[in-house]
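Here the structure comes first, spelled out in structure tokens, and everything after it is commentary.
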2 protein chains.
Amino acid sequence: MAPAAERVTIETPVHDEPENLPDPLPEPSVDDLQLEKVLGALADPLRLTIVRKLMLESENYDHTCGWFGFDRPKSSLTHHFKALRQAGLIRQRQYGLERRSRVRTEDLNQRFPGLLDLVTAWHEV
Amino acid sequence: MAPAAERVTIETPVHDEPENLPDPLPEPSVDDLQLEKVLGALADPLRLTIVRKLMLESENYDHTCGWFGFDRPKSSLTHHFKALRQAGLIRQRQYGLERRSRVRTEDLNQRFPGLLDLVTAWHEV
DNA sequence: TGCTTAGTTCGAGAAAACTCGAACTTAGCA
DNA sequence: TGCTAAGTTCGAGTTTTCTCGAACTAAGCA
């Protein structure tokens, strides 16, 4: 979390992130997160699995949807990842052909403290 | 079977309820509560309102659906209360013609600690 | 007895979500 | 230059959910 101070110019927003990440795909801002939407996005075993696995196994790397190893058609995965992103649960960035995801942990803990604990506590089917 | 209350001191029994309550309508047992189902049931503004209002304003009484004052057809309310009951969020008992509801606070706190806090923290639309 | 009340079930239409194949896009690479 | 990989969008079929009216049920009561 060390701020990379040198390169930050005045007019660019301050990220304490690694350099030069691609911009996130469109997502709701923290203030626009809606509990109903968030709960609805999590009301699906596959999506619950995605979020949980990202939190428990991702070791600070973002992951492609291939990483999860789901045996589903690609278009289905696109559908579910998009649902998670549009509800504000994950952030997605494009790296060349790959689209990598992470959980918006800080945002979610700020707006809905305790929510992610429920996800991690969820015992897999 | 969990070991019974050997180490409980002089505490009053947890249920200081009035006797002779009518049996609850069919509902999932604590162990059968599923996070996906619970979240799905809460992923609706009206149902979120029901649970929240029951928790914040019900002063230990169970309430009929009329108490909420929703301007919706009765069959719609039946639908949503049933959804909440089948997901395990509320317990319903029949008193004559009236069907009264309460939140299954203990069960939910046991299985999904923190969940109900999210509901109470939800700021109304 | 019949009326009112607080619900229910049933059924149908509308809207939303899930699932998936097919065709497409594009970055990287040999 | 063209192949491959990791995704996307589109569209259709299926399923689920929402919504609500209509008809029904049963308790309480004058």
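Throughout, a chain's letter reflects where its sequence line sits, starting with A, and its residues are numbered from 1.
Distance from the side chain of A:S75 is smallest for C:dA22 among the nucleotides C:dG7, C:dA22, D:dA5. Closest to the side chain of A:P73, out of C:dA6, D:dG21, C:dG21, is C:dG21. The side chain of A:E98 lies closest to D:dG7, out of D:dG7, C:dC18, C:dT26. In the set C:dG7, D:dC18, C:dC18, the nucleotide with an atom closest to the side chain of B:C65 is C:dG7. Listed nucleotides: D:dT19, D:dA6, C:dT19. Nearest to the side chain of A:K74: D:dA6.
Taking atom CG of A:L77 as the reference point, atom P of D:dA5 lies 17 Å away to the nearest angstrom. Counting to the nearest Å, the P atom of C:dT5 and the CD atom of B:Q94 are 18 Å from each other. At whole-Å resolution of the value, CZ in A:R72 and P in C:dT19 are 5 Å apart. D:dA6 atom P lies 15 Å from atom CZ of A:F68, rounded to whole Å. Between the NZ atom of A:K37 and the P atom of C:dA16 there is a distance of 11 Å, given to the nearest Å. Put simply, OH on A:Y95 is 25 Å from P on C:dT25, counting in whole angstrom units. Here C:dC3 presents its C1' atom at 13 Å from CG of B:L97, a figure rounded to the nearest Å. Rounded to an integer number of Å, the gap from A:E36 CD to D:dC18 P is 13 Å.
Residue A:S76 places at least one side-chain N or O under 4.0 Å from the OP1 or OP2 atom of C:dC20. Residue A:K82 has a polar side-chain atom (N or O) positioned under 4.0 Å from OP1 or OP2 of D:dT9. For D:dA6, neither phosphate oxygen OP1 nor OP2 lies less than 4.0 angstrom from any side-chain nitrogen or oxygen of A:R99. An OP1 or OP2 oxygen of C:dG7 is reached within less than 4.0 angstrom by no side-chain nitrogen or oxygen of B:R100. Look at B:H80 and you'll find a side-chain N or O under 4.0 angstrom from OP1 or OP2 of D:dT19.
Nearer the 5' end of DNA chain C, as judged by each residue's closest nucleotide, is the contact made by A:D71, out of A:D71 and A:G96. Taking for each of B:L25 and A:L46 the nucleotide of DNA chain C with the nearest heavy atom, the 5'-most of the two is the partner of B:L25.
Counting only distance, with no hydrogens or angles, the side chain of B:Q86 and the backbone of B:G88 share no donor-acceptor pair below 3.5 Å. In this structure, the side chain of A:T49 engages the main chain of A:P45 through a donor-acceptor pair within 3.5 Å.
A:I50 CD1 to A:S101 OG: the interatomic distance, rounded to the nearest 0.5 Å, is 8.0 Å.
A salt bridge links A:R91 to A:D107: at least one charged side-chain nitrogen sits closer than 4.0 Å to a carboxylate oxygen.
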| task | Evaluate the side-chain contact (heavy atoms from CB on, under 4.5 Å) criterion for residues B:M55 and B:L116: first the C-alpha distance (whole Å), next the side-chain angles of each, then the deciding distance (0.1 Å), finally the verdict. | result | CA-CA 9 Å; B:M55 284 196 293; B:L116 291 182; 3.9 Å; yes

